[in-house]
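Step one of this worksheet: look at the structure below.
Order of listing sets the numbers, starting from 1, for every ligand and every atom in it.
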Amino acid sequence: MPTHQFQLPQPLLLENGGQLAQPEVVYQTWGELNAARDNVVWVCHALTANADVADWWPGLIGPGRYFDPADWFIVCANVLGSCYGSTGPLTPDAGTGRAAYQEFPLLTIRDLVAAHEALREELGLARVHTLIGGSLGGQQALEWAVQQPEVFENLVLLASNARHSAWGIAFNEAQRLAIFADVTYQQNTPAGGAAGLRAARAVALLSYRSYQAYGRTQTEPTDALLTDFRAAAYQRYQGDKLAARFDAYSYVALTRTMDSHHVGRGRGGVAAALGRVRARTLVIGITSDGLFPVAEQQLLARHIPGAMYAEMDSPYGHDGFLLEDAQITHFLERFHSLTYVH
Ligand SMILES: CC(=O)SCCNC(=O)CCNC(=O)[C@H](O)C(C)(C)COP(=O)(O)OP(=O)(O)OC[C@H]1O[C@@H](n2cnc3c(N)ncnc32)[C@H](O)[C@@H]1OP(=O)(O)O
Ligand SMILES: N[C@@H](CCO)C(=O)O
């Protein structure tokens, strides 16, 4: 699908102070808006993904899938701070021509929402049938549903939370330390920090998978090895894979964004904020998710009025939200069939 570009009509004032002067958001759409304008599905992506949701969530989005473009008008926009087209640390400043790199300002989840809210207004989408996101995408979706309760009819949150946990922040900081230890990060060049990013992804993988998943896929078939273990090669491979498609400055920026997530900030706490949601909500947890554990999902479901909770039994850990298409489809079918009855 072609990528569209949207420049916000005015500077974006950031929650932490400062502004982005001319922020741009790239997005993609699938399908057609129907005459009643009631078939909009908006997908919020996770940490390292992009606007091409049909590419990274092919089990859910596409012909014959649950969200089939023959029926739905599907929108996915890249978040600010990313390196996939929306304004981020490597974007040249319009005035100086120089990118911010390490100096890129802190963007909170609320700033990400503000940019996509401006896009929603630009597209004239008064109502969104389903807002869905996992992990950081779930944080964004939740914050948006708290801010704009009248806009979203259905909200689907996967492997996410109301406030980023101390555990999650600690994992993110461990990854950032790996990047900061790479001297090329200080050089402020597009490829700076690549070795650190490779290590950071290897650390992150430990929080995205599970003991069982490693045991199932990375255990040696022989007991003769003393070195060169399969699991070690997997860590290196995954680090290389991310370093080839992402950049360290965006990674630092977006992990800080994730750390900032707290729907209750300035709203009298998490429970009060969640109580503002008006969308019919489905929260999906993953039994083996050690990064966003099921207790966090249950808390969401407990405090969002009328929310339903479903738990996926998966060996994949946190990344199960990207991989367990059949289970997610099953839960969506049940959830939406109830929606239509009302
Ligand atoms: C341009 C773009 O890519 S856009 C962005 C795409 N990514 C995103 O959107 C972010 C979200 N997606 C993800 O995080 C991931 O893609 C996931 C979670 C969905 C799937 O992760 P994967 O890495 O595909 O799965 P998994 O953990 O099973 O690893 C499989 C890969 O590791 C390789 N591998 C497995 N074991 C080993 C090993 N012991 N040594 C070396 N390599 C190994 C496999 O060959 C496979 O390689 P491939 O990706 O080149 O095919
Ligand atoms: N695997 C996800 C991060 C976990 O949500 C990503 O790379 O975006």
Inset, instruction - Determine which pairs satisfy ring pair (Phe, Tyr, Trp, His ring centres under 6.0 Å) with at least one residue from residues 37-61, sequence neighbours left out, and list them in order. - result: Trp42-Trp144
Inset, instruction - Please write down residue, atom name and distance for the protein heavy atom closest to atom 20 (C) of ligand 1. - result: Leu323 CD2, 4.0 Å
Legend entry - Region of Arg201 that comes within reach of ligand 1 [heavy atoms, distance under 4.0 Å]: side chain
Legend entry - Pair Tyr316 and Phe321, ring centroids less than 6.0 Å apart: no
Inset, instruction - Can you run down the salt bridge (charged side-chain N to carboxylate O under 4.0 Å, His left out) pairs that involve residues 134-147, sequence neighbours left out, and say none if there aren't any? - result: Arg110-Glu143, Glu143-Arg267
Legend entry - Nitrogen or oxygen atoms of Asn50 and ligand 1 under 3.5 Å apart: no
Inset, instruction - Could you check atom 48 (P) of ligand 1 against the protein and tell me its nearest heavy-atom contact, residue, atom and distance included? - result: Tyr237 OH, 3.2 Å
Legend entry - Minimum-distance protein heavy atom relative to atom 11 (C) of ligand 1: Leu322 CD1, 3.4 Å
Inset, instruction - May I ask you to identify the nearest protein heavy atom to atom 29 (O) of ligand 1, giving residue, atom name and distance to one decimal place in Å? - result: Gln238 NE2, 3.0 Å
Legend entry - Location of contacts on Gln218 toward ligand 1, heavy atoms closer than 4.0 Å: side chain
Legend entry - Residue and atom name of the nearest protein heavy atom (relative to atom 18 (C) of ligand 1), distance in Å to one decimal: Asp319 OD2, 3.2 Å
I'd like a table of the close N/O pairs between ligand 2 and the protein (anything under 3.5 Å), one pair per line with both atom names and the distance.
| unit_1 | atom_1 | unit_2 | atom_2 | d |
| --- | --- | --- | --- | --- |
| ligand 2 | 1 (N) | Asp319 | OD1 | 2.8 |
| ligand 2 | 1 (N) | Asp319 | OD2 | 3.4 |
| ligand 2 | 5 (O) | Ser135 | OG | 2.8 |
| ligand 2 | 5 (O) | His318 | NE2 | 3.2 |
| ligand 2 | 7 (O) | Thr48 | OG1 | 2.6 |
| ligand 2 | 7 (O) | Arg201 | NH1 | 3.0 |
| ligand 2 | 7 (O) | Arg201 | NH2 | 3.2 |
| ligand 2 | 8 (O) | Leu47 | N | 3.3 |
| ligand 2 | 8 (O) | Thr48 | N | 2.9 |
| ligand 2 | 8 (O) | Thr48 | OG1 | 3.2 |

Inset, instruction - For atom OH of Tyr211, decide whether the heavy atoms of other residues, nucleotides or ligands shown that lie under 6.0 angstrom number more than 12. - result: no
Inset, instruction - Out of Tyr214, Tyr234, Phe321, indicate the one that has the non-hydrogen atom closest to atom 43 (C) of ligand 1. - result: Tyr234
Inset, instruction - Report the part of Arg245 in contact with ligand 1, treating N, CA, C, O as backbone and CB onward as side chain, heavy atoms under 4.0 Å; options are side chain, backbone, both, neither. - result: side chain
Legend entry - Asp38 and His129 side chains, donor-acceptor separation under 3.5 Å: no
Legend entry - Proximity winner for atom 21 (O) of ligand 1, if only heavy atoms of Lys241, Arg209, His45, Glu220 are counted: Arg209
Legend entry - Arg120 side-chain N/O to Leu125 backbone N/O, donor-acceptor pair under 3.5 Å: yes
Legend entry - Is_contact(atom 15 (C) of ligand 1), protein non-hydrogen, under 4.0 Å: no
Legend entry - Main-chain N/O of Pro58 paired to Arg65 side chain as donor or acceptor, under 3.5 Å: yes
Legend entry - Side-chain (Gln28) to main-chain (Val53) donor-acceptor, under 3.5 angstrom: no
Inset, instruction - Please state whether the rings of His336 and Phe67 are parallel, tilted or perpendicular, taking 30° and 60° as the class boundaries. - result: perpendicular
Inset, instruction - Do me a favour and list the nearest non-hydrogen protein atom to atom 1 (C) of ligand 1 with residue, atom name and distance? - result: Tyr84 OH, 4.1 Å
Legend entry - For Asp259, all residues meeting salt bridge (charged side-chain N to carboxylate O under 4.0 Å, His left out), sequence neighbours excluded: Arg176
Legend entry - Aromatic ring proximity, centroids under 6.0 angstrom, Phe292 and His164: yes
